[in-house]
Engineer: 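Below is a structure I'd like to ask you about.
Below, chain A is the first sequence line, B the second, and so on; all start at residue 1.
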Number of protein chains: 4
Amino acid sequence: MTRNIILRDHVRAGILDVAATVLAERGTSVSMTDIAQAAGVARATLYRYFPNRDALLYALYEAALSDLTRRLNDARLDSVPIEEAVARMTRATIAATGRYRALGLFEKAPREARRMERQLAAPLRAVFERGAASGAFRRDMPVHTLAELYFSLLEGVVSRVIRHRLSVEEASAYATTLFLSGALAAPPAPPPTATSTATSAGSTTASSTAVPGAVPGAVPSAGSPSSG
Amino acid sequence: MTRNIILRDHVRAGILDVAATVLAERGTSVSMTDIAQAAGVARATLYRYFPNRDALLYALYEAALSDLTRRLNDARLDSVPIEEAVARMTRATIAATGRYRALGLFEKAPREARRMERQLAAPLRAVFERGAASGAFRRDMPVHTLAELYFSLLEGVVSRVIRHRLSVEEASAYATTLFLSGALAAPPAPPPTATSTATSAGSTTASSTAVPGAVPGAVPSAGSPSSG
Amino acid sequence: MTRNIILRDHVRAGILDVAATVLAERGTSVSMTDIAQAAGVARATLYRYFPNRDALLYALYEAALSDLTRRLNDARLDSVPIEEAVARMTRATIAATGRYRALGLFEKAPREARRMERQLAAPLRAVFERGAASGAFRRDMPVHTLAELYFSLLEGVVSRVIRHRLSVEEASAYATTLFLSGALAAPPAPPPTATSTATSAGSTTASSTAVPGAVPGAVPSAGSPSSG
Amino acid sequence: MTRNIILRDHVRAGILDVAATVLAERGTSVSMTDIAQAAGVARATLYRYFPNRDALLYALYEAALSDLTRRLNDARLDSVPIEEAVARMTRATIAATGRYRALGLFEKAPREARRMERQLAAPLRAVFERGAASGAFRRDMPVHTLAELYFSLLEGVVSRVIRHRLSVEEASAYATTLFLSGALAAPPAPPPTATSTATSAGSTTASSTAVPGAVPGAVPSAGSPSSG
DNA sequence: CATGAATGAGCCTTCATTCAT
DNA sequence: AATGAATGAAGGCTCATTCAT
């Protein structure tokens, strides 16, 4: 009796696995026929496990989220320095979402899943909050925006992982590095002047001035002393 | 005579405009019916202007690319410092591609458009080459990868512009700033004082080695004693 | 005033002419667009002359029938021997229907045209009646059937004329010859037996016996003496 | 398992049967909707059996051709006298093509079917060759033309069979008789008695010259004193 | 009057889904 | 429980027809 249930769960997981792969490879346009065929079952059988297409997608969503949740829990983000936390969560996210990207994770989740996602996003947001609070992050842009930029970067990188333009390893490392440190080479030797340590926004020396139009007009407090 | 042609072109442009919006908002899955409806014309009329769906998508491509080309030409990227060049090309790209993102610009363009796109990408790549050659860009990752990361960031940001989570201005400024300067606050020259190891890790100066688990070489969580 | 009407009629005739050609060449599936294009006018103009597709087809039908009627009248079928009459009506029909064959003349005429057609068929039927009455035609099959066979042959031949497999001349001559004389070479020298002149059915000597299964079983009075 | 396949084949054959009827009756313009409706299945079901319209038509071709091939083989055309051979092949062709006439057999077959058709036409042509070689056929027209006339006659007759104007039996018998013997009553050897010029003109014996305006050479109304 | 533009209806095809075995 | 078969709905496209210039 229980055996069957167990077996059934395994089959279900298998189908889900195949579906994730197919979807990631060929996009959201794959049909139920495609998925069933890839999974080696009849279409009708597929419908036994997932009453309809949305259910399948939703299940994939759940799988992706639980996968990510597990990885993030394992990462113990709050027990390590902010840089390490970012590195870990980047890796975890890329690894977990790579297979599910067709779902548009972080992007166009089904209405019902929004709640789960927000709940899941918590640990990620926490890292940002901590980074902001600890002064580790620049203060010339709202932490919320910083997070958005981070997710933006992740999405793009994930899509490149899927298209085999980057490996998970590369993608994780590069994305972390870019996000944390920035692209501009640091100035050779900054004159040991003021205690600008706190308002590190303009850090890369010429940055706040050398990057004209980057934070144009009234963009939030670029390196202003009021932040702190 | 000419009037009609002009009018026709305007109508065509109008339809294209609507199509871009609808596609950007609802994804590539929108049907010709949807587009025609959104444009307020009958489906058959839509087909008068674009003989088939692909023709419509291709026209959108052309529009996006020519728009972007014009903006990049206007930007005179090679006549300004690298930072300004990045700022300008970021703004230009976001402004131009925002409406066409559903097409997956830089991603899955139709065969024929690939050529145009590559040709168009030239000025962008040129900026990266210049940045690398002039030593303005960090040297711990290949310029090619840097470009990929930049495009990744852009894509994500563009999608947020479309979903009205960011304005074009904000998106441009923030993306530029993040890409150029980085997210971590980095003191100009951290006096070898305190246990700043944790926070100052991502110092842009020695970034390539200071960011744990980030740099290509010794990729996963390197240098972080807490990882384990 | 009248000028215009005259001109209009000419244009109309021209269109009809082109339409006939196009229809004959490419079949009934040609669109109004095709016809308008071939005629060098706009589709809307075509509709000025013929309110709808059926009207055009019907007009073509009328043209074909009146053409045929004229030719048959000119042929004075009842003033010449039966053989000559057949020859003439064959030629007239092939010449007249060649251009209109797509209409399925004698085959799938529009309901309303049936009447006209039947009226037109009169002179043709008359020839058969005369041939039967005069004893010129074989008596082992009903004259009605003979007529059907004749029309069958004509249809096929006409289709070949249209496809340029036969010229009008060839087609007329061959069809007439075959229909009148038959395909089997006549026996060298028939024993000068009886006065079988009247019941000429078995004419080609061995025909009624040599053509086994041709008029099989109870097929109408094959050379039987009861016919007369 | 096998049951299903068998059943499926039967259903397929049934659909094909219905399709043949509908096509024969209403012409090639019938839509898939029409066919599905006539067959009593949903359009989508129709597509289960035939992936597209062309596939259906092609299947009909195959059916018609294989049917005809079988019949012709059974007829053993080369083992019987020419007259019997013609009688058999006429019957076989009419019986086999009657249901498929809308396909325009011998007329506008799809490219791939041309080959099959030509291969199939071989036995028919062989009969004509034999007839010509043996001197059984008249010599005043090329055997190729004779064949064309024969097919012309067949086509027309077949169309009448479809429209229920003739039964297969009647059509076969009459067509054979007409083709073989001719329509004109021809006295075995007209004693040079009376003014039989008019009636006996088409005498099969000297037919080639006797039929006015019929024979290729001196085509139009030749030898008829009344023509002018 | 001639014409370009607009449109409703219909066709071919595919897909997600249900049903009976 | 698994599956082949059946189907309604929708998508892309064309065509005959109407309208306003």
Side-chain angles (χ1 to χ4, degrees), chain A residues 4-5 7-8 11 15 29-36 39-57, chain B residues 1 3-5 7-8 11-12 15 29-37 39-57, chain C residues 4-5 7-8 11 15 29-36 39-57, chain D residues 1 3-5 7-8 11-12 15 29-37 39-57:
Chain A
N4 285 345
I5 293 182
L7 174 57
R8 186 183 164 93
V11 174
I15 291 179
S29 68
V30 294
S31 68
M32 292 296 268
T33 304
D34 294 333
I35 294 172
V41 298
R43 231 170 31 253
T45 306
L46 182 56
Y47 276 92
R48 276 217 159 275
Y49 287 90
F50 305 96
N52 56 42
R53 197 173 199 273
D54 278 352
L56 176 73
L57 257 51
Chain B
M1 278 299 136
R3 293 283 172 69
N4 285 345
I5 293 181
L7 175 57
R8 187 184 161 94
V11 173
R12 193 187 133 102
I15 291 179
S29 68
V30 294
S31 69
M32 290 298 266
T33 304
D34 293 334
I35 294 172
Q37 202 163 307
V41 298
R43 225 167 50 249
T45 304
L46 182 55
Y47 277 95
R48 262 188 70 72
Y49 288 90
F50 305 97
N52 55 46
R53 197 174 199 274
D54 277 352
L56 177 71
L57 291 182
Chain C
N4 285 347
I5 294 182
L7 174 58
R8 185 181 163 94
V11 174
I15 291 178
S29 68
V30 293
S31 68
M32 291 297 266
T33 304
D34 294 333
I35 294 173
V41 298
R43 227 167 38 251
T45 305
L46 182 57
Y47 276 92
R48 276 217 160 275
Y49 287 91
F50 305 96
N52 56 43
R53 197 174 199 273
D54 277 351
L56 176 72
L57 257 50
Chain D
M1 277 299 135
R3 293 283 173 68
N4 285 346
I5 292 181
L7 175 57
R8 186 184 163 94
V11 174
R12 191 188 134 103
I15 291 179
S29 68
V30 294
S31 69
M32 290 297 265
T33 305
D34 293 334
I35 295 172
Q37 201 163 309
V41 298
R43 238 183 12 261
T45 304
L46 183 55
Y47 277 94
R48 261 188 70 71
Y49 289 89
F50 305 97
N52 54 46
R53 196 173 200 275
D54 277 352
L56 176 71
L57 292 182

Engineer: Nearest-Å distance, CG (D:Leu46) to P (E:dC12)?
Structural biologist: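 For the pair D:Leu46 CG and E:dC12 P, the rounded distance is 10 Å.
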Engineer: Output yes when at least one side-chain N/O atom of B:Arg8 is less than 4.0 Å from OP1 or OP2 of E:dA5, else no.
Structural biologist: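 Looking at the OP1 and OP2 atoms of E:dA5, one of them is under 4.0 Å from a side-chain N or O of B:Arg8.
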Engineer: Just the rounded figure in Å: distance from C1' of E:dT17 to OH of A:Tyr49.
Structural biologist: 18 Å
Engineer: side-chain contact (heavy atoms from CB on, under 4.5 Å) for B:Arg48 and B:Arg12? Distances and angles first, verdict last.
Structural biologist: CA-CA 10 Å; B:Arg48 262 188 70 72; B:Arg12 193 187 133 102; over 6 Å; no
Engineer: Quick one: label C:Phe50 by what it contacts on the DNA or RNA (base, sugar-phosphate, nothing), any heavy atom closer than 4.0 Å.
Structural biologist: nothing
Engineer: Categorize B:Val11 for me: base, sugar-phosphate, or nothing, with a 4.0 angstrom heavy-atom threshold over every strand shown.
Structural biologist: nothing
Engineer: Return the value, rounded to whole Å, for the distance between atom OH of B:Tyr47 and atom P of E:dC12.
Structural biologist: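 Answer to the nearest Å: 16 Å.
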Engineer: In whole angstrom, what separates B:Gln37's CD from F:dG11's P?
Structural biologist: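 In whole Å, F:dG11 P lies 10 Å from B:Gln37 CD.
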Engineer: Rounding to a whole Å, what distance do you find between D:Met32:CE and E:dC12:P?
Structural biologist: 7 Å
Engineer: Round to a whole Å and report the spacing from CG of B:Asp54 to C1' of F:dG11.
Structural biologist: 14 Å
Engineer: Establish, with yes or no, whether the OP1 or OP2 oxygen of E:dT3 is under 4.0 angstrom from a side-chain nitrogen or oxygen of C:Thr45.
Structural biologist: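 Yes.
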Engineer: Return the minimal non-hydrogen interatomic distance between A:Met32 and A:Leu46, and the atom names on each side.
Structural biologist: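 Between these two residues, the closest heavy atoms are O-CD2, 3.5 Å.
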Engineer: Any idea which of E:dG4, F:dT7, E:dC11 is nearest the D:Ala42 side chain?
Structural biologist: F:dT7
Engineer: When you compare the side chain of B:Phe50 with that of B:Ile15, does any pair of heavy atoms fall below 4.5 Å?
Structural biologist: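 The answer is yes; the side chains approach within 4.5 Å.
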Engineer: Starting at CZ of D:Arg43 and ending at C1' of F:dG11, how long is that distance when rounded to a whole Å?
Structural biologist: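 Between C1' of F:dG11 and CZ of D:Arg43: 12 Å.
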Engineer: With rounding to the nearest 0.5 angstrom, report the CD1 to CZ distance, B:Ile35 to B:Arg43.
Structural biologist: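 CZ of B:Arg43 is found 11.5 Å from CD1 of B:Ile35.
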Engineer: If each of D:Ser31 and C:Ala44 is mapped to the nucleotide of DNA chain E with the nearest heavy atom, which maps nearer the 5' terminus, i.e. the 5' end?
Structural biologist: C:Ala44
Engineer: Please state how far atom CD1 in B:Ile35 lies from atom P in F:dG11, giving the value in whole angstrom units.
Structural biologist: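 Computing the B:Ile35:CD1 to F:dG11:P distance gives 11 Å.
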Engineer: Side chain of A:Arg48, heavy atoms from C-beta onward: which of F:dG8, F:dA1, E:dT7 has the nearest atom to it?
Structural biologist: F:dA1
Engineer: Of C:Gly40 and D:Arg53, whose nearest nucleotide on DNA chain E comes first from the 5' end?
Structural biologist: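 Nearer the 5' end of the strand: C:Gly40.
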Engineer: Given pairs defined as Watson-Crick or G-U wobble with both distances under 3.5 Å, what dot-bracket annotation applies to DNA chain E, with ( ) intrastrand, [ ] crossing, | other strand and . unpaired?
Structural biologist: .||||||||||||||||||||
Engineer: Could you tell me which non-hydrogen atom of C:Val30 sits nearest to which non-hydrogen atom of C:Asp34, and how far apart they are?
Structural biologist: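 Closest approach of C:Val30 to C:Asp34, heavy atoms only: CA-OD2, 3.6 Å.
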